[in-house]
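Below is one structure, written out as structure tokens; the observations come after it.
The first residue in the sequence is number 1, and the count goes up from there. Every number for a ligand or one of its atoms is a count from 1 in the order of the listing. For clarity, every value in this text was computed on a predicted model and none was experimentally measured.
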Amino acid sequence: MEKLKIAMQTKGRLNEDSMQLIRESGIDLAVGRRKLVSEAGNFPMEALFLRDDDIPQTVADGVADVGIVGENEMLEKGENVVIAKRLGFSKCRLSLAIPKSMEYSGTAFFNGKKIATSYPNILQKFLDEHNIKAEIHVITGSVEIAPGIGLADAIFDIVSSGSTLVSNRLKEVEVVIHSEAVLISKPNLSQEKQEILDELIFRMESVQRAEGKKYILLNTPNEKIQEVASLLPGMKSPTVVPLAKEGWSSMHSVIAENDFWEVIGKLKKAGAEGILVIPIEKMIF
Ligand SMILES: Nc1ncnc2c1ncn2[C@@H]1O[C@H](COP(=O)(O)OP(=O)(O)OP(=O)(O)O)[C@@H](O)[C@H]1O
Ligand SMILES: O=P(O)(O)OC[C@H]1O[C@H](OP(=O)(O)OP(=O)(O)O)[C@H](O)[C@@H]1O
Ligand SMILES: [Mg+2]
């Protein structure tokens, strides 16, 4: 049987969440510090561990069939790959930033300036679209120190909380792209590999759907069922099971963790008792 080859980051920002998603999808991947290829024990998949910069090309060349990489890296490399699924983690943006002390009046600021970045292609495209002539200075890391040491006038780099910019006395002035981790694929997989990929995506979706959701069980007097049900949107409608105690029922449903405390107060007011909230591992519709 064919195996789907997946390229993943060896270590770094994407590694942990990628491994966790694969593991929660029920795929058993052995990992060792120096093990750069790993075969899944219970799923037709093989993982290749690489630097994130190399993942788009590895997929485009067909050395791997799919890969998990930041959308920013995928766009920068411009390889022939497609997004099979957006993964929702490693969210960040690529922004232009300038020293805090400088006045900013718009993109024309960058005319004649020197901009340090690890993303020259995305930056060049933005500059061209805005008719700006600037010099791009490529550095592979610690981009934020460039203005402070006189290497550049501005930077174009990853921003998430913004604290790296603050620590380096910079301010974000233009957001160029938003990014998150994506599952990329070669455009035309063999039918057999496409089927494995579809199964992988199905599993990932079941895991992600359950994220931030809780299973809730509670007891309520029968005359309060309607009122309590209106507070529990559930997957379709809540399950209602009679209790041995005359006139009472048990209700089961799903709630979003974010709504939890607000809903609990309302449920108690409506007469609900014995409320249990339980984690959900997977949700399949
Ligand atoms: N602060 C952040 N918050 C959220 N996501 C981030 C952040 N920094 C980076 N990312 C995302 O994670 C990806 C990988 O970042 P990381 O810093 O691990 O890359 P790297 O140092 O180039 O790793 P490698 O050694 O594999 O080349 C980035 O391309 C980006 O999509
Ligand atoms: O807006 P913030 O939340 O501060 O995040 C942005 C920083 O995060 C990343 O670096 P990372 O911490 O991964 O270090 P690196 O230099 O090793 O990539 C990125 O290169 C930025 O420097
Ligand atoms: Mg890298």
Side-chain angles (χ1 to χ4, degrees), residues 5-22 29 31-38 47-61 63-64 66-79 81-100 115-123 125-126 136-149 151-152 154-185 204 208 211:
K5 289 196 191 124
I6 184 168
M8 308 219 290
Q9 194 189 27
T10 318
K11 51 181 194 280
R13 291 260 185 185
L14 297 163
N15 174 271
E16 203 173 302
D17 286 337
S18 308
M19 290 306 292
Q20 189 180 339
L21 183 57
I22 297 284
L29 264 190
V31 282
R33 268 198 173 278
R34 305 196 184 282
K35 199 168 158 107
L36 298 180
V37 180
S38 172
L48 316 178
F49 292 97
L50 302 167
R51 284 199 58 184
D52 70 342
D53 313 54
D54 299 327
I55 292 176
Q57 192 189 355
T58 305
V59 173
D61 290 352
V63 174
V66 298
I68 296 178
V69 74
E71 201 176 351
N72 52 320
E73 208 61 56
M74 179 197 83
L75 292 171
E76 176 62 23
K77 293 299 188 283
E79 295 281 352
V81 296
V82 292
I83 296 181
K85 178 169 166 50
R86 311 184 75 84
L87 298 174
F89 57 82
S90 292
K91 285 197 173 163
C92 59
R93 51 197 190 271
L94 282 185
S95 296
L96 280 156
I98 65 169
K100 210 172 70 183
I115 310 170
T117 188
S118 312
Y119 298 93
N121 294 324
I122 298 173
L123 176 58
K125 183 161 171 275
F126 176 85
I136 298 179
H137 182 87
V138 179
I139 48 175
T140 57
S142 304
V143 175
E144 291 91 345
I145 73 165
I149 60 172
L151 195 65
I155 66 150
F156 176 61
D157 197 25
I158 292 170
V159 181
S160 174
S161 66
S163 60
T164 309
L165 293 183
V166 171
S167 313
N168 290 282
R169 297 174 178 280
L170 298 170
K171 62 180 175 192
E172 184 177 15
V173 292
E174 299 286 340
V175 177
V176 175
I177 61 157
H178 288 273
S179 175
E180 66 185 272
V182 288
L183 177 66
I184 55 169
S185 150
M204 287 176 166
Q208 290 188 329
E211 268 167 21

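For the residue pair Leu170 and Glu144, the shortest heavy atom distance occurs at CD1-O, 3.5 Å. The shortest heavy-atom contact between Phe89 and Asp17 is CD1-CB, 3.4 Å. The two residues Phe156 and Ile115 come nearest to each other via the heavy atoms N-CG2, 3.9 Å. Here the closest heavy-atom approach between residue Ile68 and residue Leu14 is recorded as O-CD1, 4.4 Å. Val182 and Leu87 make their closest contact through C-CD1, 3.9 Å (heavy atoms, listed as atom of the first residue, atom of the second, distance). Nearest approach of Val143 to Ala116, heavy atoms of both residues: CG1-O, 3.5 Å.
Residue contacts with ligand 2 include Gly162, since one of its heavy atoms falls under 4.0 Å from the ligand. The closest approach between any non-hydrogen atom of Ser163 and ligand 2 is below 4.0 Å.
Residues Met204 and Leu183 have side chains in contact (heavy-atom distance under 4.5 Å, counting atoms from C-beta outward). Here the side chains of Met74 and Ile55 are not in contact, with every heavy-atom distance at 4.5 Å or above. Counting heavy atoms from C-beta outward, Leu151 and Ile145 have side chains that stay 4.5 Å or more apart. You'll find the side chain of Ile22 reaches within 4.5 Å of the side chain of Met8, heavy atoms only. You'll find the side chain of Phe126 stays beyond 4.5 Å of the side chain of Leu94, heavy atoms only.
Side chains of Ser95 and Glu172: a donor on one and an acceptor on the other come within 3.5 Å.
The protein non-hydrogen atom at the shortest distance from atom 11 (P) of ligand 2 is Arg13 NH2, 3.4 Å. Summary of contacts: the protein heavy atom closest to atom 14 (C) of ligand 1 is Asp52 OD2, 3.4 Å. Residue, atom and distance of the protein heavy atom nearest to atom 29 (O) of ligand 1 are Asn72 ND2, 3.0 Å. Closest to atom 9 (C) of ligand 1 among all protein heavy atoms lies Ile158 CD1, 3.7 Å.
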Side chain to side chain contact (heavy atoms under 4.5 Å, CB included) assessment of Val166 paired with Lys100: CA-CA 9 Å; Val166 171; Lys100 210 172 70 183; over 6 Å; no
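Of all atoms in ligand 1, listed by their number and element, those nearer than 4.0 Å to a heavy atom of Gln9 are 14 (C), 16 (P), 18 (O), 19 (O), 23 (O), 24 (P), 26 (O). Below 4.0 Å from some heavy atom of Glu144 lie the following atoms of ligand 2, by number and element: 21 (C), 22 (O). Taking a cut-off of under 4.0 Å to the non-hydrogen atoms of Ser160, the atoms of ligand 1 that pass are 1 (N), 2 (C), 3 (N). Against a heavy-atom cut-off of under 4.0 Å, Gly12 is close to the following atoms of ligand 1: 18 (O). Those atoms of ligand 1 with a heavy atom of Gly70 less than 4.0 angstrom away are 31 (O). Using a 4.0 Å cut-off to heavy atoms of Ser161, the atoms of ligand 2 that qualify are 1 (O), 2 (P), 3 (O), 4 (O).
For atom 31 (O) of ligand 1, the nearest protein heavy atom is under 4.0 Å away. Within 4.0 Å of atom 8 (O) of ligand 2, at least one protein heavy atom is present. Atom 13 (O) of ligand 2 is approached by the protein to below 4.0 angstrom, counting heavy atoms only. Atom 16 (O) of ligand 2 is not flagged as protein-proximal [any protein heavy atom, distance under 4.0 Å].
Asp52 contributes OD1 as its N, O or S atom closest to the Mg ion (ligand 3).
Taking any N or O of Arg51, backbone or side chain, at least one lies under 3.5 Å from an N or O belonging to ligand 1. Residue Asp53 places at least one N or O, backbone or side chain, under 3.5 Å from an N or O of ligand 1.
Across Arg13, Glu73, Glu76, Lys91, heavy-atom proximity to atom 7 (C) of ligand 1 is greatest for Arg13. The option with the heavy atom closest to atom 4 (O) of ligand 2, from among Asn168, Val143, Asp157, Thr164, is Thr164. Within the set Val159, Ile145, Ile158, the minimum heavy-atom distance to atom 19 (C) of ligand 2 is found for Ile158.
By the 6.0 Å contact criterion, NZ on Lys125 is open, its count of non-hydrogen atoms from other residues, nucleotides or ligands being 12 or less.
Among the atoms of Asp53, an N, O or S atom falls under 2.8 Å from the Mg ion (ligand 3).
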